[in-house]
Colleague: 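A single structure is presented below for examination.
Everything numeric in this text was worked out from a predicted model, so none of it was measured. These numbers come from the heavy atoms of this one structure, side chains and all, not from hydrogens, waters or symmetry mates.
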Amino acid sequence: MCLALPARVIERSADDQLLIDLGGIRKSVSGALTPEAQPGDYVIVHVGHAIGTVDAEEAERTLALFAELAASQAAEDQA
């Protein structure tokens, strides 16, 4: 299964690397495919590459759904 997640850009370096925040985890990914992405923007991350930008409202809605799924799975695992 392939999964791409929205993440907030923290920093963009001169070599097209993006430091992103994904639920409190910071990671460096390639920003070569998203030259428009700047700190504060949301990007879609897939296997180490930012493959597109997404508006903040949509990103936050998607992240909330993932959090809901994780909570549901955790509750199911405890049952």
Colleague: Working to the nearest 0.5 angstrom, can you tell me the gap between Thr62 OG1 and Leu5 CG?
Modeller: 9.5 Å
Colleague: Determine whether Val54 and Val45 fall in the same hydrophobic cluster, where Ile, Leu, Val, Met, Phe, Trp and Tyr are linked whenever their side-chain heavy atoms lie under 4.5 Å apart.
Modeller: no
Colleague: Holding to salt bridge (charged side-chain N to carboxylate O under 4.0 Å, His left out), I want the full list of residues that pass it with Glu76, two or more places apart in sequence or in another chain.
Modeller: none
Colleague: Within a reach of under 6.0 Å around CG of Leu69, are more than 12 heavy atoms found that belong to other residues, nucleotides or ligands?
Modeller: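 Correct, the count exceeds 12.
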Colleague: How many angstroms lie between CG in Leu19 and OG in Ser13, if you round to the nearest 0.5 Å?
Modeller: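 It is 9.0 Å, given to the nearest 0.5 Å.
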Colleague: Run Glu58 and Tyr42 through side chain to side chain contact (heavy atoms under 4.5 Å, CB included) and show every step you take.
Modeller: CA-CA 9 Å; Glu58 183 176 344; Tyr42 280 87; over 6 Å; no
Colleague: Which residues pass the side-chain hydrogen bond (donor to acceptor under 3.5 Å, both in side chains) test with Ser72, not counting sequence neighbours?
Modeller: none
Colleague: Measure from the side-chain N and O atoms of His46 to the backbone N and O of Leu3, and report whether any donor-acceptor pair falls under 3.5 Å.
Modeller: yes
Colleague: Roughly how far, to the nearest 0.5 Å, is CD of Glu36 from CG of Asp41?
Modeller: 8.0 Å
Colleague: Is Val47 isolated, or which residues cluster with it under the ILVMFWY side-chain rule of less than 4.5 Å, directly or via members?
Modeller: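 For Val47, no cluster forms, as it stays isolated from other hydrophobic side chains.
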Colleague: Could you work out, with side-chain hydrogen bond (donor to acceptor under 3.5 Å, both in side chains) as the rule, every residue matching Arg12, not counting sequence neighbours?
Modeller: Asp16
Colleague: Using the side chain to side chain contact (heavy atoms under 4.5 Å, CB included) rule, pick out the option among Leu18, Ile51, Val9 that qualifies with Val29.
Modeller: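 Answer to the side chain to side chain contact (heavy atoms under 4.5 Å, CB included) test with Val29 among Leu18, Ile51, Val9: Leu18.
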Colleague: Looking at every non-hydrogen atom in both residues, tell me the closest pair between Ile44 and Ala4 and how far apart they are.
Modeller: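 Scanning both residues, the minimum pair turns out to be CG2-CB, 3.4 Å.
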Colleague: Could you tell me which non-hydrogen atom of Ala37 sits nearest to which non-hydrogen atom of Val43, and how far apart they are?
Modeller: CB-CG1, 3.6 Å
Colleague: List the residues meeting side-chain hydrogen bond (donor to acceptor under 3.5 Å, both in side chains) with Gln73, not counting sequence neighbours, and say none if there are none.
Modeller: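 In terms of side-chain hydrogen bond (donor to acceptor under 3.5 Å, both in side chains), with neighbours along the sequence ignored, Gln73 is linked to Asp77.
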Colleague: Mind jotting down which residue pairs meet the side chain to side chain donor-acceptor pair (under 3.5 Å) criterion with at least one end in residues 19-34? Sequence neighbours excluded, please.
Modeller: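 Listed by first then second residue: Gln17-Ser28.
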